[in-house]
Amino acid sequence: MSEQKSNKPEASAYRATLNMPDTPFPMRGDLPKREPAWAKEWDEQGIYKKLRDARSGAPKFILHDGPPYANGKLHIGHAVNKILKDMIVKSRQLEGFDALYAPGWDCHGLPIENAIEKLHGRNLPRDEMQAKSRAFATEQIAQQMVDFKRLGVLGDWDHPYKTMNYANEANELRALKKVMERGFVYRGLKPVYWCFDCASSLAEFEIEYADKQSQTLDVMFPAADPAQLAAAFGLPALNKEAFVVIWTTTAWTIPANQALNVNPDLEYSLVDTERGLLVLASALVEKCLARWKIEGTVVATVKGEKLDHMPFKHPLAHVDKGYDRISPVYLAEYATAEDGTGIVHSSPAYGVDDFNSCVANGLDYKDILNPVTGNGVYAADLPLFGGQHIWKAVPVILDALKVANRLMDTTGLTHSYPHCWRHKTPVIYRAAAQWFIRMDEGEGVFTEPAQKPEKTLRQIALEAIEATSFYPENGKDRLRAMIAGRPDWCISRQRSWGVPIPFFLHVDTGALHPRTMEIIDQAAAMIEQGGIEAWSRVTTEEILGAEEAKLYTKSTDILEVWFDSGSTFWHVLRGSHPGHHHDHGPEADLYLEGHDQHRGWFHSSLLLASAIFGRAPYRGR
């Protein structure tokens with residue numbers, strides 16, 4: 001059998017018939033090896049500087065970099081962020097613009113303090129915490145910069161901006177002074193979000209919501225003047241003990257109760273039950289009795305306004321004399337018949353509505369009970385519960401109410417609750433003397449009448465939003481809704497690693513030193529030469545002199561980190577950063593970040609630019 005020979009030509013024969021160009025390009029991409037060489041070559045050749053020279057005199061396009069935090073290795077979010085910015089800057093360069101891009105870093109704040117505490121332990125002296133934090137941030141920036149360059153991002157890597165640069169720290173204080181001159185800064189005692197892990201107040205931007213398991217409780221407050229309560233319901237007398245019943249999910253606030261709230265326009269019933277005469281919102285009587293598994297008969301009804309200032313006793317009054325006080329009824333529209341009992345128990349240190357209601361009814365700031373310390377533990381002198389952490393004290397409080405025969409019902413409830421976005425742990429409202437930026441009408445400290453705008457900060461910011469282009473457009477609605485509904489901005493923090501609030505407070509009155517504005521300038525000059533550490537080391541005597549030092553105490557508060565990043569337009573876009581001076585004021589052409597920054601950097605930048613200049617720091621083009 002013979003083998004048949006194929007007439008098909010060999011592959012090499014085809015190759016000889018093709019007229020292909022001969023190029024030096026490698027046959028394979030081999031990008032993992034080649035890309036680092038490209039990035040290195042661009043850096044060594046100074047491509048970014050050559051691009052600037054090539055567009056000298058051309059119209060500028062400025063994309064202001066939202067500073068990533070100088071903490072941790074890069075992740076995919078960093079890559080998406082920087083690559084998108086690089087694409088836009090390069091496209092604007094090709095369109096003929098002088099497209100500037102200075103990368104930046106956010107360097108102060110709690111995440112870095114937390115990292116230092118993990119490495120070196122807690123309760124470090126302020127000087128040591130600052131030194132270690134600065135060194136840590138410097139180390140993190142160096143590593144992140146290497147990785148950003150590896151992504152092929154072109155920018156002014158030789159002159160990045162850092163919020164911890166001495167000049168930027170100083171300029172941040174000058175920005176604060178400007179906001180004060182415009183009348184937006186005040187000091188107030190009011191409940192603010194407080195994180196026990198941070199041991200500091202939090203801003204709205206630093207809150208996220210997650211489910212939390214709480215214990216609900218219905219608690220009885222006995223009538224302190226039965227005859228007055230009978231008269232309010234049109235009765236000659238009461239034939240048994242009477243109580244207001246409240247419903248709450250925060251058992252830990254019961255020891256600090258100072259009032260009760262009813263809605264003036266709701267109808268309330270006096271219900272005769274086996275547990276006594278109970279005051280409840282009429283619309284909730286049936287639901288409450290079913291929840292408590294008891295029967296009752298409505299004896300009389302009145303509008304809530306008839307109960308104004310009706311006195312009741314604290315539910316633990318006869319268990320411990322430390323609770324022998326009156327909880328008066330105040331009228332408040334936030335008490336509703338949607339759930340609970342229609343009566344809200346009020347601990348003014350731990351709720352904004354409670355605080356406002358009590359203060360409006362004459363409760364003095366100094367009389368507000370605030371037994372929860374900064375780490376979440378009750379003050380040692382709190383009767384029955386002193387020294388216990390509030391979350392662990394809940395079952396102890398429930399037991400005390402059972403002993404007092406004041407607990408109608410308790411059950412578990414899973415509900416949405418505010419958490420610290422750094423620690424993912426539950427936060428509380430806690431009254432503290434803090435510094436705020438005011439959103440609405442009111443007087444600030446050291447206002448310059450000639451500089452005070454005619455409109456409120458909320459009005460200015462909302463108008464600035466309308467003047468800004470958003471991509472996609474629904475970002476405008478998102479930011480508008482946040483600004484329209486946000487409370488005053490708490491800008492003070494009780495930490496070490498951050499720009500100091502250089503205030504001196506009178507030891508008796510708490511008033512600011514009359515030379516405060518001069519002192520801010522003095523502090524800024526010191527910090528510009530030696531960083532925030534220079535101000536931390538200076539004594540009250542050195543600034544005020546020996547005699548005045550006896551009358552004033554030096555504040556140890558710092559500006560919260562959103563003030564740091566939110567004020568970067570003030571130092572970076574106005575000419576203090578190399579290559580960034582332009583003639584259109586402090587606005588960038590574009591801010592580009594993820595949608596989460598509507599509550600973060602977009603938000604804080606908008607408020608500060610509106611407070612200082614009356615417009616947004618971005619145009620959007």
Side-chain angles (χ1 to χ4, degrees), residues 62-70 102 104-111 161-165 167-180 182 184-185 200-207 421-422 434-439 457-458 460-462 464-465 468 475 478-479 482-483 486-493 495 497-501 532 557-574 576-577 580 585-588 590-620:
I62 297 179
L63 189 158
H64 183 36
D65 192 26
Y69 208 81
W105 273 274
D106 207 355
C107 308
H108 297 123
L110 192 63
Y161 78 85
K162 307 169 191 173
T163 58
M164 69 176 182
N165 286 349
N168 289 348
E169 290 176 335
N171 279 327
E172 191 172 327
L173 283 187
R174 295 174 182 128
L176 171 65
K177 180 184 176 184
K178 192 70 177 177
V179 177
M180 292 172 66
R182 301 261 288 166
F184 294 119
V185 175
S200 178
S201 57
L202 301 181
E204 288 282 323
F205 325 132
E206 298 168 297
I207 296 299
W421 79 333
R422 296 187 185 94
Q434 303 284 353
W435 293 99
F436 295 87
I437 290 179
R438 189 186 300 280
M439 294 297 297
L457 181 55
R458 194 184 309 278
I460 296 170
L462 288 173
I465 290 172
T468 301
R478 180 178 170 85
L479 186 55
M482 289 181 174
I483 295 296
R486 68 149 297 125
D488 292 349
W489 179 7
C490 178
I491 59 172
S492 50
R493 294 291 181 271
R495 305 296 298 185
W497 178 231
V499 175
I501 300 178
I532 62 172
D557 287 354
I558 64 170
L559 287 166
E560 70 129 340
V561 74
W562 285 112
F563 197 106
D564 282 28
S565 58
S567 61
T568 53
F569 67 86
W570 173 260
H571 5 283
V572 177
L573 299 182
R574 295 186 317 123
S576 61
H577 188 84
H580 266 64
E587 301 103 331
L590 188 66
Y591 274 36
L592 174 67
E593 303 295 332
H595 71 87
D596 59 320
Q597 295 307 320
H598 288 94
R599 71 167 186 169
W601 191 55
F602 295 157
H603 194 125
S604 60
S605 298
L606 172 66
L607 290 183
L608 287 177
S610 296
I612 295 172
F613 295 109
R615 56 187 185 272
Y618 33 70
R619 285 189 284 268

**Request:** Starting at CG of Leu573, measure out to NE2 of His64 and round the result to the nearest 0.5 Å.
**Result:** 5.0 Å
**Prompt:** Just wondering, do Trp562 and Glu206 contact through their side chains at under 4.5 Å, heavy atoms?
**Reply:** yes
**Message:** If I take atom CD from residue Glu593 and atom NE2 from residue His598, how far apart are they, to the nearest 0.5 angstrom?
**Reply:** 11.0 Å
**Asked** How far does CH2 of Trp435 sit from CG of Leu559, to the nearest 0.5 angstrom?
**Response** 11.5 Å
**Complete:** Shortest non-hydrogen pair, Gly566 vs Leu608, comes out as C-CD1, 3.6 Å
**CG-OG1 distance between Asn168 and Thr163, expressed to the nearest 0.5 angstrom** = 7.5 Å
**Message:** As an exercise, state the distance from CE of Met482 to CG of Leu606, rounded to the nearest 0.5 Å.
**Reply:** 12.0 Å
**Prompt:** Between Phe184 and Leu607, does a side chain to side chain contact (heavy atoms under 4.5 Å, CB included) hold up when you go through it step by step?
**Reply:** CA-CA 11 Å; Phe184 294 119; Leu607 290 183; over 6 Å; no
**Item:** Atom pair CG/OG1 of Leu479 and Thr468 - distance to nearest 0.5 Å
**Value:** 8.5 Å
**Message:** Is there a side-chain contact between Gln434 and Phe436 in this structure, where contact means two heavy atoms from C-beta onward sitting under 4.5 Å apart?
**Reply:** yes
**Beyond-backbone contact of Trp601 with Pro67, side-chain heavy atoms, under 4.5 angstrom** = yes
**Asked** According to the interplanar angle, ranging from 0 to 90°, do the rings of Tyr591 and Tyr618 count as parallel (below 30°), tilted (30 to 60°) or perpendicular (above 60°)?
**Response** perpendicular
**Complete:** Closest non-hydrogen atoms of Ser567 and Glu172, given as atom of the first, atom of the second and distance, are OG-CG, 3.7 Å
**Request:** Determine whether Phe613 and Glu587 make a side-chain contact, defined as any pair of heavy atoms from C-beta on separated by less than 4.5 Å.
**Result:** no
**Item:** Polar side-chain atom of Arg493 near backbone of Ser201 as donor-acceptor pair, under 3.5 Å
**Value:** yes
Can you list, pair by pair, the side-chain donor-acceptor contacts under 3.5 Å of residues 104-111, counting residues two or more places apart and other chains?
from   : atom 1 : to     : atom 2 : distance (Å)
Trp105 : NE1    : Gln144 : OE1    : 2.7
His108 : ND1    : Asp564 : OD2    : 2.5
His108 : NE2    : Glu169 : OE2    : 2.8

**Asked** Is there a side-chain contact between Phe563 and Ile437 (heavy atoms, below 4.5 Å)?
**Response** yes
**Prompt:** So do Val179 and Ile491 actually touch side chain to side chain, heavy atoms under 4.5 Å?
**Reply:** no
**Item:** Arg458 (side chain) donor-acceptor with Arg486 (main chain) under 3.5 angstrom
**Value:** yes
